[in-house]
There are 2 protein chains.
Amino acid sequence: MRERWVPDARRNAVADAVGRLLMRGHGTFPGMREIAAEAGVTTGTLQHHFGTKDDLLLFALEHHCRRCADRLTARSEEGARSPRQALAVIVTELLPLDEERAAETSVAKAFVSRAATDPGFAAHYRAQRKILLDLLGEQFARADVPDPSAAATILARVIEGMRTDCLLLGPDAVDVDAVLDRLLRPRDTP
Amino acid sequence: MRERWVPDARRNAVADAVGRLLMRGHGTFPGMREIAAEAGVTTGTLQHHFGTKDDLLLFALEHHCRRCADRLTARSEEGARSPRQALAVIVTELLPLDEERAAETSVAKAFVSRAATDPGFAAHYRAQRKILLDLLGEQFARADVPDPSAAATILARVIEGMRTDCLLLGPDAVDVDAVLDRLLRPRDTP
DNA sequence: CCACCTCCATTACAGATGTAATGTAACAGT
DNA sequence: ACTGTTACATTACATCTGTAATGGAGGTGG
């Protein structure tokens, strides 16, 4: 008998395959047959579960964002002690420090160019960005940093830079503590 | 008589065409015929001046980086008054605020994913990053910021984030002065 | 038993892809 | 004038692309 799958699990497996291919491949989006081979299915399966290729890619993007968000909420209690530690958890969880997070980062990077013109992907970017800004801003407010939302905007940008540094130069190129030191140290108040 | 070109000018024109296509297109690398059409030549011309497509793309990347670097050195004297203004010039020049800089940013973004696996593109990224870090670090040192190279690393990452914010959310999403305010305001010295 | 549906494999196809191969003008050197 | 080289244009081709079309296997409700 053919393997039985709950359809969502199959879609998630395909999305994971896309992540692995984007991580290993040359950065360009893989073809349908390549995705099917990596996922251990045929292109017919892909056509059935996702209509078109763009639907598949958009689902893959959402899948990896969802996984990252799940990890963030799962570790959210670790930040109960100090806002500084909460920020460290968030930043570290977004860095490509293992295969799973490397795939997520590769996916995110690959879709930036796409989002520049395609409104669907752009909307997704905006939504994801807002979630991150809220998370960071909350911790900056707890840390009594003046203008916490501005601080969150800056850290979000630093995170993006750290993700590519880590992806292209290796894990030793980033130092979470050094970054938080500089962004959290108290300032003169006039 | 057929138009005469000094070969370098033709290559640069092709590289500009690639930039425009990456800016307007959906983020994926354009095909040879598309590039040829945009540049007003045929694929034979492309094959003659660049051997293969990868050579063409790498040249395009170098071309746009060179243009940006040229603009930076051309405006370098404007930063003579204050390091803060020098930093503002550098950051602004890297943001996609007109067609030329938008093309440069699109090119840079498109090649990040590629650099993750291809050593040639990765080397280019490292070199370009070092140049920027030196430029920024020099100004932070002039501003008597403690650990100027660490500050430069952070600002370089912020710049990368600002570039995508500006590209995806529009010019109003970035505020150079606000960023420099936060990164340059004096700190408590223990 | 029968229709019906989901799930999937296979095949087919029209179009795009990078590039090799070939031809051909224009000019440079001798 | 002959030769060689540069700078293209055109054609050809094998391969890859996304997807439409078709068919079939297995489970489900009547």
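Below, chain A is the first sequence line, B the second, and so on; all start at residue 1. Quick caveat, the model's predicted, so the values are computed rather than measured.
- Take A:Arg101 and apply the salt bridge (charged side-chain N to carboxylate O under 4.0 Å, His left out) test, not counting sequence neighbours, and it matches A:Asp98.
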Filtered N/O pairs between nucleotides 11-17 of chain C and protein, under 3.5 Å:
none

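- Between A:His49 and C:dC8, a side-chain N or O to OP1/OP2 separation shorter than 4.0 Å is present.
- Annotation: side-chain hydrogen bond (donor to acceptor under 3.5 Å, both in side chains) contacts of A:Thr153 (sequence neighbours excluded): none.
- The shortest distance between the side-chain N/O atoms of B:His48 and the OP1/OP2 oxygens of D:dA7 is below 4.0 Å.
- Between the side chain of B:Thr73 and the backbone N or O of B:Asp70 there is at least one donor-acceptor pair closer than 3.5 Å.
- Between B:Phe50 atom CZ and D:dA7 atom P there is a gap of 12 Å when expressed in whole angstrom units.
- A:Thr52 has no side-chain polar atom (N or O) that falls below the 4.0 Å cut-off from OP1 or OP2 of D:dG18.
- Regarding A:Asp54, its CG atom lies at a distance of 13 Å from the C1' atom of D:dT17, rounded to whole Å.
- Among residues at least two apart or in separate chains, there is no ring pair (Phe, Tyr, Trp, His ring centres under 6.0 Å) pair with a member in residues 122-167 of chain B.
- A:Asp134 is linked by a side-chain hydrogen bond (donor to acceptor under 3.5 Å, both in side chains) to A:Lys130, counting only residues two or more places apart in sequence or in another chain.
- Not one side-chain nitrogen or oxygen of A:Thr45 sits closer than 4.0 Å to the OP1 or OP2 atom of C:dC8.
- Distance CD1 (A:Ile35) to P (D:dT17): 10 Å, rounded to an integer number of Å.
- A:Arg10 has its CZ atom 17 Å from the P atom of C:dT6, to the nearest Å.
- Regarding B:Arg11, its CZ atom lies at a distance of 11 Å from the P atom of D:dC8, rounded to whole Å.
- Taking atom CZ of B:Phe29 as the reference point, atom P of C:dG18 lies 12 Å away to the nearest angstrom.
- Residue pairs meeting the ring pair (Phe, Tyr, Trp, His ring centres under 6.0 Å) criterion with at least one member in residues 54-83 of chain A, sequence neighbours excluded, are A:Phe50-A:Phe59.
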